[in-house]
> 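Just passing along the structure, written as structure tokens.
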Amino acid sequence: MRRIVIAFLFLMLTLPLFADDFSEMSTQELIEIMGYVQKKNLNRFNKELKSRVPTMNEKEKAKYKENLKKLKK
């Protein structure tokens, strides 16, 4: 039973890394996978993420800016 739960959690955490349609993901999910998106999907990912910036709350914006700084290093 424990293995099934672990496998399910692993699948749910890694599935967004292979997603092609980022519009169905939450803003929080997009922020969390910054830096882990495949290069072939990077343009679509960045476009979707930038379209969400105006609607982000303060907590999301802070996390977004923090992740941007990490990516630039």
Side-chain angles (χ1 to χ4, degrees):
M1 180 69 168
R2 180 181 267 175
R3 287 182 182 178
I4 294 172
V5 172
I6 291 172
F8 178 74
L9 289 174
F10 178 75
L11 178 66
M12 294 310 295
L13 291 173
T14 58
L15 188 60
L17 299 177
F18 305 106
D20 286 339
D21 188 7
F22 298 107
S23 64
E24 294 184 13
M25 297 174 69
S26 72
T27 302
Q28 292 149 340
E29 288 174 319
L30 291 175
I31 292 169
E32 291 300 321
I33 65 169
M34 288 173 69
Y36 299 102
V37 178
Q38 295 175 351
K39 288 187 179 190
K40 69 178 184 175
N41 297 328
L42 201 54
N43 286 337
R44 279 185 277 154
F45 173 77
N46 286 332
K47 184 177 179 181
E48 182 64 33
L49 190 59
K50 286 179 183 178
S51 73
R52 305 237 187 140
V53 171
T55 61
M56 288 181 186
N57 61 38
E58 293 303 316
K59 187 176 179 181
E60 290 171 336
K61 280 184 184 178
K63 185 68 174 173
Y64 171 72
K65 289 177 183 178
E66 180 183 323
N67 285 352
L68 276 179
K69 288 178 185 175
K70 289 180 186 177
L71 291 175
K72 291 180 181 180
K73 288 183 180 181

> Any side-chain heavy-atom pair from R2 and I6 closer than 4.5 angstrom?
yes
> Once ring pair (Phe, Tyr, Trp, His ring centres under 6.0 Å) is applied, what residue pairs with a partner in residues 38-70 remain, sequence neighbours excluded?
F22-F45
> Is the shortest side-chain heavy-atom distance between R44 and K47 below 4.5 Å?
no
> Return the minimal non-hydrogen interatomic distance between V37 and N41, and the atom names on each side.
CG1-CB, 3.8 Å
> E32 versus K63: any side-chain heavy-atom pair under 4.5 Å?
yes
> Does any N or O in the side chain of N67 come within less than 3.5 Å of the main-chain N or O of I31, such that one atom is a donor and the other an acceptor?
yes
> With sequence neighbours excluded, tell me which residues meet side chain to side chain contact (heavy atoms under 4.5 Å, CB included) with S23.
D21, E48
> Atom CE of M34 and atom CG of L71: how far apart are they, to the nearest 0.5 Å?
5.0 Å
> Would you compute the distance between atom CD of Q38 and atom CD1 of I33 and round it to the nearest 0.5 angstrom?
10.0 Å
> Mind checking what makes side chain to side chain contact (heavy atoms under 4.5 Å, CB included) contact with K65, not counting sequence neighbours?
none
> With a cut-off of 3.5 Å and sequence neighbours excluded, list every side-chain donor-acceptor pair involving residues 54-62.
unit_1 : atom_1 : unit_2 : atom_2 : d
T55    : OG1    : R52    : O      : 2.9
N57    : OD1    : K59    : N      : 3.1
N57    : OD1    : E60    : N      : 2.8
E60    : OE1    : N57    : N      : 3.1

